[in-house]
Amino acid sequence: CVENKVDKKKGYIETEWATRLTSGGTSKWRIIAQVKQKKDGTLVLFKRDVEETAGKGLSGDESITADNLYQQLEDKLK
């Protein structure tokens with residue numbers, strides 16, 4: 001997971017696009033994380049942009065890989 005944009009003062013992280021080639025086509029995704037301070041705690045928002053070409057959707061393995069990106073970002077925000 002490689003950061004593309006980071007603004008620690010605003011609590012913002014955006015990753016580079018991660019790409020996976022499969023027999024069914026190409027899938028790529030990036031993750032955007034935003035941290036907001038609230039009166040009663042901290043809110044962390046995650047957004048996953050996904051683009052697919054040439055057919056099939058994401059396989060189970062690719063979904064796990066994308067979820068691992070979420071975990072890496074969460075660890076960086078701690």
Side-chain angles (χ1 to χ4, degrees):
C1 179
V2 177
E3 297 94 3
N4 182 30
K5 296 179 185 175
V6 177
D7 186 336
K8 289 188 178 183
K9 288 183 180 179
K10 292 183 178 181
Y12 180 86
I13 297 174
E14 179 181 313
T15 67
E16 292 282 348
W17 286 95
T19 304
R20 179 149 184 167
L21 303 173
T22 66
S23 60
T26 302
S27 297
K28 66 180 189 174
W29 62 90
R30 69 178 174 174
I31 296 174
I32 297 170
Q34 181 78 44
V35 178
K36 296 183 179 186
Q37 295 297 321
K38 299 286 186 179
K39 290 179 183 178
D40 58 346
T42 303
L43 175 66
V44 181
L45 304 170
F46 288 104
K47 177 184 175 190
R48 178 172 41 181
D49 291 332
V50 178
E51 292 183 6
E52 300 175 36
T53 57
K56 290 185 179 179
L58 295 173
S59 72
D61 290 344
E62 289 167 324
S63 295
I64 291 169
T65 302
D67 290 340
N68 287 339
L69 288 175
Y70 278 124
Q71 184 62 49
Q72 290 177 25
L73 280 171
E74 182 179 343
D75 293 344
K76 286 182 182 285
L77 292 170
K78 289 182 180 178

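Basis for what follows: all heavy atoms, side chains included, without hydrogens, waters or symmetry-related copies.
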Exercise. Using modelled atom types only, decide if a donor and an acceptor are shared between the side chain of Ser27 and the backbone of Arg20 within a distance under 3.5 Å.
Key: no
Self-check item: Polar side-chain atom of Gln34 near backbone of Leu43 as donor-acceptor pair, under 3.5 Å
Solution: no
Exercise. Tell me whether Val44 is reachable from Ile13 by hopping between hydrophobic residues (I, L, V, M, F, W, Y) whose side-chain heavy atoms are closer than 4.5 Å.
Key: yes
Exercise. Quick one: pull up NZ in Lys5 and CD in Glu16 and give me the separation to the nearest 0.5 Å.
Key: 10.0 Å
Self-check item: Euclidean distance, Arg30 CZ relative to Trp17 CH2, rounded to 0.5 Å
Solution: 4.5 Å
Practice problem: Not counting sequence neighbours, which residues clear ring pair (Phe, Tyr, Trp, His ring centres under 6.0 Å) with Phe46? List them please. | Solution: Tyr70
Practice problem: Measure the shortest side-chain to side-chain distance between Lys47 and Leu45 over non-hydrogen atoms and say whether it is less than 4.5 angstrom. | Solution: no
Quiz item: Pick from Lys10, Lys8, Lys9, Glu14: which one makes a side chain to side chain donor-acceptor pair (under 3.5 Å) with Tyr12?
Solution: Glu14
Practice problem: Sequence neighbours left out, what passes side-chain hydrogen bond (donor to acceptor under 3.5 Å, both in side chains) with Thr19? Give chain and number order. | Solution: none
